[in-house]
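Values reported hereafter were calculated over all heavy atoms of this structure, with side chains retained and with hydrogens, waters and symmetry mates removed. Computed from a prediction, not measured in an experiment: that's the story for all the values here. Counting convention: from 1, in listed order, for ligands and their atoms alike.
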Amino acid sequence: MSMREIKLCLLGDSGVGKSSLVLRFVSDTFNERAETTIGASFMSKTLLVDDRSFKYQIWDTAGQEKYRGLAPMYYRGAAAAIVVYDVTKMDTFKTLKSWIKELQQLGPRDIVIAIAGNKCDLEEMREVPTKEAVAYAEEIGAVFSETSAKTAINVKDIFVRICQRLPSEMMVSVEPDKTITLHNEPPKQKNCSC
Ligand code: GTP
Ligand code: MG
């Protein structure tokens, strides 16, 4: 079976729950006292969607302002980005919009953008109305979900929907039971010593 690798990065303000979403997706756990990310962290996870295998290469960036300049290293060459805000903090939704503008201006041309309104378990503290976020996501053609890394709601779902949105690859048959896949960009060389 073919395996497609997807480079994905998470962006968004510090404390919105980027690392918690990754931890929930990759190991189905949650930590109430998660520590702030320094620089960025990497994890991978394989997902089966519609009988196809997708290997997510996930770059979880640090949301603190001082790391903002590092982000292009992680969204460069990415097939998808999940931009996260916290439904209980309107400021984080404003930051999300600035991340999306940056991705549209400087990110890969056909990057799939997903918006996650995280901490939707804290309904009584909500500041960002669902309607407002849905309208914005529709306007920019992004995948949208309200998620909770704490309860797990919609976490796997957002990764599944990203797979379904990826531009299809050209599949070329070389032998009856083998296929080679042509990517839009040549794969980067591995084990480079530079
Ligand atoms: P930086 O690494 O600083 O950019 O932050 P981050 O976006 O990775 O946030 P992190 O995952 O570290 O979560 C911040 C805090 O929010 C932690 O205390 C988490 O336990 C909490 N948290 C994360 N997701 C949720 C959620 O869905 N619901 C609730 N109630 N708390 C959450
Ligand atoms: Mg983090």
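For ligand 1, the polar-atom distance check finds an N/O of N118 within less than 3.5 Å of one of the ligand's N/O atoms. For the pair G17 and ligand 1, the shortest N or O to N or O distance falls below 3.5 Å. For a threshold of 3.5 Å applied to N or O pairs, the pair formed by G15 and ligand 1 contains at least one separation below that value. Of the N or O atoms in G12, none lie within a sub-3.5 Å distance of an N or O in ligand 1.
Taking atom 23 (C) of ligand 1 as the reference point, the nearest protein heavy-atom neighbour is S20 OG, 3.3 Å. With respect to atom 6 (P) of ligand 1, the closest heavy atom belonging to the protein is K18 N, 3.5 Å. The shortest contact between atom 12 (O) of ligand 1 and any protein heavy atom is with A34 CB, 3.6 Å. The protein non-hydrogen atom at the shortest distance from atom 18 (O) of ligand 1 is E32 O, 2.8 Å. When hydrogens are left out, the protein atom nearest atom 28 (N) of ligand 1 is D121 OD1, 2.8 Å; that is the closest non-hydrogen contact. Among protein heavy atoms, the minimum distance from atom 27 (O) of ligand 1 is reached at A149 N, 2.9 Å.
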How far apart are the C-alpha atoms of V112 and I6, what are their side-chain angles, what is the distance that settles it, and do they pass the side chain to side chain contact (heavy atoms under 4.5 Å, CB included) test?
-> CA-CA 11 Å; V112 173; I6 305 166; over 6 Å; no

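Counting atoms of ligand 1 from 1 in the listed order, those under 4.0 Å from a heavy atom of F30 are 20 (O), 22 (N), 23 (C), 24 (N), 25 (C), 31 (N), 32 (C). Less than 4.0 angstrom separates some heavy atom of N31 from each of these atoms of ligand 1: 19 (C), 20 (O). With ligand atoms numbered from 1 in the order given, ligand 1 contributes 1 (P), 2 (O), 3 (O) to contacts under 4.0 Å with heavy atoms of T36. Listed by number with element, the atoms of ligand 1 under 4.0 angstrom from any heavy atom of L122 are 30 (N).
Residue Y67 places every heavy atom at 4.0 Å or more from ligand 1. Using a 4.0 Å heavy-atom cutoff, D13 is listed among the residues neighbouring ligand 1.
Remark: of the listed residues N118, T130, N154, T130 is the sole one forming a side-chain hydrogen bond (donor to acceptor under 3.5 Å, both in side chains) with E146. With L96 as reference, V83 is the one residue of D91, V83, V84, D86 to meet the side-chain contact (heavy atoms from CB on, under 4.5 Å) rule.
Distances from the Mg ion (ligand 2) show that T61 has no N/O/S atom below 2.8 Å. Within the coordination shell of the Mg ion (ligand 2), defined by N, O or S atoms under 2.8 Å, S41 is absent.
Among M125, Q64, K119, the residue whose heavy atom lies nearest to atom 21 (C) of ligand 1 is K119.
Follow the hydrophobic side-chain contacts under 4.5 Å out from L21 and you reach L8 in the same cluster.
Side-chain contact, D13 with T95: a donor N or O sits under 3.5 Å from an acceptor N or O.
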